[in-house]
Amino acid sequence: MNQTQLFEAALGIKAPWYVQGVDFGTELTIAVDFVAGSRFAYPGVPGEHPVHDTVIKRLRHLNFFQFDCYLEVRVPRVRLPDGSVRLVEPDWMGKLDGFTLLFEALVLTLCREMTFAAVARLVNLSWYRVKAICDRYVNLAVAATDLSELTAVAIDETSCRRGHDYVSLVADMDARRVVFVTPGKDAGVVERFANHLEEHNATPAQIKSVSIDMSPAFIKGVDEHLPDARVTFDKFHVIAHASKALDGVRREQQKNDPALKGMRWSLLKDADNLNLAQLTDLEALISQYTTNRTARAWMYREQLREILDRKQIHVVSKMLRRWCTGVMRSKVEPMKDVARMILRHFDGIVAWAQTRQTNGFIEAINGLFQAAKRKARGYASFKTMRTVLFLIAGKLDFSAFNPHAS
């Protein structure tokens with residue numbers, strides 16, 4: 001086997017293509033040509049067609065040891081029966097001009113785990129070219145996504161820049177993957193998602209369950225654009241509001257009761273996660289529940305947690321109304337705000353008993369995105385953020401566009 005045959009075997013090049021020559025200096029350049037007189041098929045046009053002329057394409061390929069490797073390919077343009085002339089790209093040319101499929105697959109794999117800047121340094125490419133490869137594949141995969149089986153979604157927002165710039169995510173509750181990303185956190189988020197469904201073999205009417213926080217904008221959007229969806233407010237958001245109210249009571253009372261200083265985490269943590277000293281302090285406080293408002297606020301929070309842990313919807317409904325009545329008769333003002341919030345969103349909170357749907361996994365995705373954003377020292381545009389979110393949590397299948405990418 002001579003040198004050109006070796007590289008043909010390594011590259012997987014088959015007739016009519018062949019390696020014409022190899023040049024090795026500070027980088028490896030492999031010249032690829034086709035046999036004179038060859039005819040080529042063109043997608044959508046029957047038969048094989050004669051070559052009209054050729055164009056030289058320089059493609060970045062996987063490194064040859066530590067050296068950059070390029071293929072210089074003489075690509076044919078064929079004349080079709082209607083007289084038009086079209087470029088015929090070899091199977092191994094990438095989706096972005098200037099790369100092979102194998103190189104693009106490598107970049108995609110790395111970018112799922114590393115920042116664009118780190119990948120750019122590793123493969124000796126500009127940040128913009130790395131991002132362009134990822135943008136192209138994400139756009140192709142999202143455009144080809146079939147949402148016909150989607151019935152349950154979670155919607156949440158995450159900050160994209162300092163200030164009040166937000167991006168909202170819609171995730172498939174069953175597949176645990178992001179299916180839609182859009183700027184903002186208003187009712188238009190849900191409207192744009194409904195339009196997205198219609199573009200991907202689905203309809204808004206097929207969405208039967210939506211898990212959201214208590215954002216008025218999201219509630220309004222679901223009511224208007226996902227008419228058949230049952231809204232669930234997961235218990236963790238409700239308990240978070242109760243914990244915030246508890247901390248508010250503690251802060252106010254500690255002004256006159258120094259014993260409460262240093263008890264913040266003893267009150268906010270689950271009792272199972274407290275050490276012996278914290279547990280002792282907590283038990284001493286709870287014993288004063290008849291006279292101590294912080295102790296009563298803690299008990300209200302724990303009662304609420306216990307109610308929402310139940311699975312019988314009628315029992316939860318009855319106990320939750322009783323809880324709200326008891327809190328409204330108390331003098332623990334911040335907890336009254338929680339009771340009013342529960343009454344305003346009663347059906348969605350009670351729905352948790354049946355659906356058990358939570359935004360926990362989508363908030364975990366938000367955490368991954370924020371970590372990636374910090375590593376990259378921020379992202380300048382929504383388009384970049386969208387691409388990163390889909391790479392991290394979209395579970396996109398790129399194999400339809402590149403057999404080397406999963």
Could you give me the CA-CA distance, side-chain angles and deciding distance for Leu268 and Trp265, then say whether side-chain contact (heavy atoms from CB on, under 4.5 Å) is met? CA-CA 5 Å; Leu268 295 181; Trp265 298 115; 4.1 Å; yes

Take Ser381 and Thr384 through the test side chain to side chain donor-acceptor pair (under 3.5 Å) and record every step on the way to the result. CA-CA 5 Å; Ser381 70; Thr384 303; 2.9 Å; yes

Show your reasoning for whether salt bridge (charged side-chain N to carboxylate O under 4.0 Å, His left out) applies to Lys57 and Asp97. CA-CA 8 Å; Lys57 294 278 188 178; Asp97 191 33; 3.4 Å; yes

For the residue pair Asp156 and Ile212, establish whether any side-chain heavy-atom pair is separated by less than 4.5 Å. no

Step by step, would you call Trp298 with Ile286 a side-chain contact (heavy atoms from CB on, under 4.5 Å)? CA-CA 8 Å; Trp298 183 89; Ile286 295 169; 3.2 Å; yes

Would a 4.5 Å heavy-atom cut-off, applied to side chains only, mark Leu304 and Ile342 as touching? yes

Decide whether a cation-pi geometry holds between Arg321 and Phe346; the criteria are a distance under 6.0 Å from NZ or CZ to the six-membered ring centre and an angle within 45° of the ring axis. yes

Does a side-chain heavy-atom distance below 4.5 Å link Ile56 with Val73? no

Exactly one of Ile13, Leu59, Leu11 clears side-chain contact (heavy atoms from CB on, under 4.5 Å) with Ile30, and that residue is Leu11

Does Asp172 form a side-chain contact (heavy atoms from CB on, under 4.5 Å) with Val153? I'd like the steps, not just the answer. CA-CA 5 Å; Asp172 183 338; Val153 299; 5.8 Å; no

I'd like to know if the side chain of Ser317 reaches the main chain of His314, judged simply by a donor and an acceptor atom lying under 3.5 Å from each other, with no hydrogens or angles considered. no

Side chain of Lys395, backbone of Ala175: donor and acceptor closer than 3.5 Å? yes

Nearest 0.5 Å, what's the CG-CZ distance between Leu87 and Phe40? 11.0 Å

State whether the side chain of Thr232 and the backbone N or O of Trp352 hold a donor-acceptor pair below 3.5 Å, judged by distance alone. no

Could you tell me whether Asp135 and Lys131 have a side-chain N and a carboxylate O separated by less than 4.0 Å? yes

Distance col, row Leu267:CG vs Leu246:CG, nearest 0.5 angstrom, shows 5.0 Å

Is there a donor-acceptor pair closer than 3.5 Å between any side-chain N or O of Glu224 and the backbone N or O of Gly221? no

Intermediate values then yes/no, side-chain contact (heavy atoms from CB on, under 4.5 Å), Tyr300 and Val338: CA-CA 10 Å; Tyr300 284 140; Val338 177; over 6 Å; no

So, taking the atom named CD in Gln303 and the one named CH2 in Trp323, what distance separates them when rounded to the nearest 0.5 Å? 8.5 Å

What are the two closest heavy atoms between Leu108 and Cys134, and how far apart are they? CD2-CA, 4.1 Å

Arg129 and Phe99 have their tightest heavy-atom pair at NH2-CE1, 3.3 Å

Would you say Asn292's side chain and Ala295's backbone share a donor-acceptor pair under 3.5 angstrom? yes

Give a yes or no on this: more than 12 heavy atoms of other residues, nucleotides or ligands lie within 6.0 Å of atom CZ of Arg301. yes

Is a donor on one side and an acceptor on the other found under 3.5 Å between the side chain of Lys208 and the backbone of Asp228? no

Reported CZ-to-CG distance for the pair Arg310 and Leu320, which is rounded to 0.5 angstrom: 12.0 Å

Does CD in Glu149 sit with more than 12 non-hydrogen atoms of other residues, nucleotides or ligands closer than 6.0 Å? no

Got Arg60 and Asp68 here, is their nearest side-chain heavy-atom distance under 4.5 Å? yes

Treating Arg79 as the side-chain partner and Ser84 as the backbone partner, does any N or O pair qualify as donor plus acceptor under 3.5 Å? no

Ring center gap for Phe67 and Phe24 short of 6.0 angstrom: yes

For residues Val231 and Phe218, determine if any side-chain heavy atom of one lies less than 4.5 Å from a side-chain heavy atom of the other. no

Is a donor on one side and an acceptor on the other found under 3.5 Å between the side chain of Ser243 and the backbone of Ile239? yes

Straight-line distance of Leu260 CG to Met263 CE, nearest 0.5 Å: 6.5 Å

Looking only at non-hydrogen atoms, find the nearest pair between Phe398 and Val138 and report the distance. CE2-N, 4.0 Å

With a 4.5 Å cut-off on side-chain heavy atoms, are Glu104 and Asn402 touching? yes

Which pair of non-hydrogen atoms, one from Val167 and one from Thr182, has the smallest distance, and what is that distance? CG2-O, 3.3 Å

Establish, from distance only, whether the side-chain atoms of Thr29 and Glu72 form a donor-acceptor pair under 3.5 Å. no

Phe233 and His345: aromatic ring centres closer than 6.0 Å? yes

Looking at Tyr70, is Arg58 sitting on its ring face, NZ or CZ under 6.0 Å from the six-membered ring centre and within 45 degrees of the normal? yes

Side-chain (Arg177) to main-chain (Ala393) donor-acceptor, under 3.5 angstrom: no

Check Arg251 with Asp247, please: is the shortest side-chain N to carboxylate O separation under 4.0 Å? yes

Quick one: does Met385's side chain get under 4.5 Å of Pro183's, heavy atoms only? no

Does NZ or CZ of Lys185 lie under 6.0 Å from the centre of the six-membered ring of Tyr166, at an angle within 45° of the ring axis? yes

What about Trp17 and Phe7, are their ring centers closer than 6.0 Å? no

Quick one: do Asp347 and Arg230 make a salt bridge, cutoff under 4.0 Å? no

For the side chain of Glu198 and the backbone of Asn195, is there at least one donor-acceptor N/O pair under 3.5 Å apart? no

CZ (Phe180) and CD (Glu199) are apart, to the nearest 0.5 Å, by 8.5 Å

Looking only at non-hydrogen atoms, find the nearest pair between Leu147 and Ala202 and report the distance. O-CB, 3.4 Å

Mind checking whether His196 and His200 have ring centres under 6.0 Å apart? yes

Please determine if Asp223 and Lys220 form a salt bridge, counting it only when a charged side-chain N lies under 4.0 Å from a carboxylate O. no

Taking it one step at a time, do Glu157 and Ser168 satisfy side chain to side chain donor-acceptor pair (under 3.5 Å)? CA-CA 4 Å; Glu157 79 280 349; Ser168 292; 5.3 Å; no

Distance-minimising heavy-atom pair for Pro50 and Arg39: CD-NH2, 3.6 Å

So Thr54 and Arg77, do their side chains get closer than 4.5 Å, heavy atoms only? no

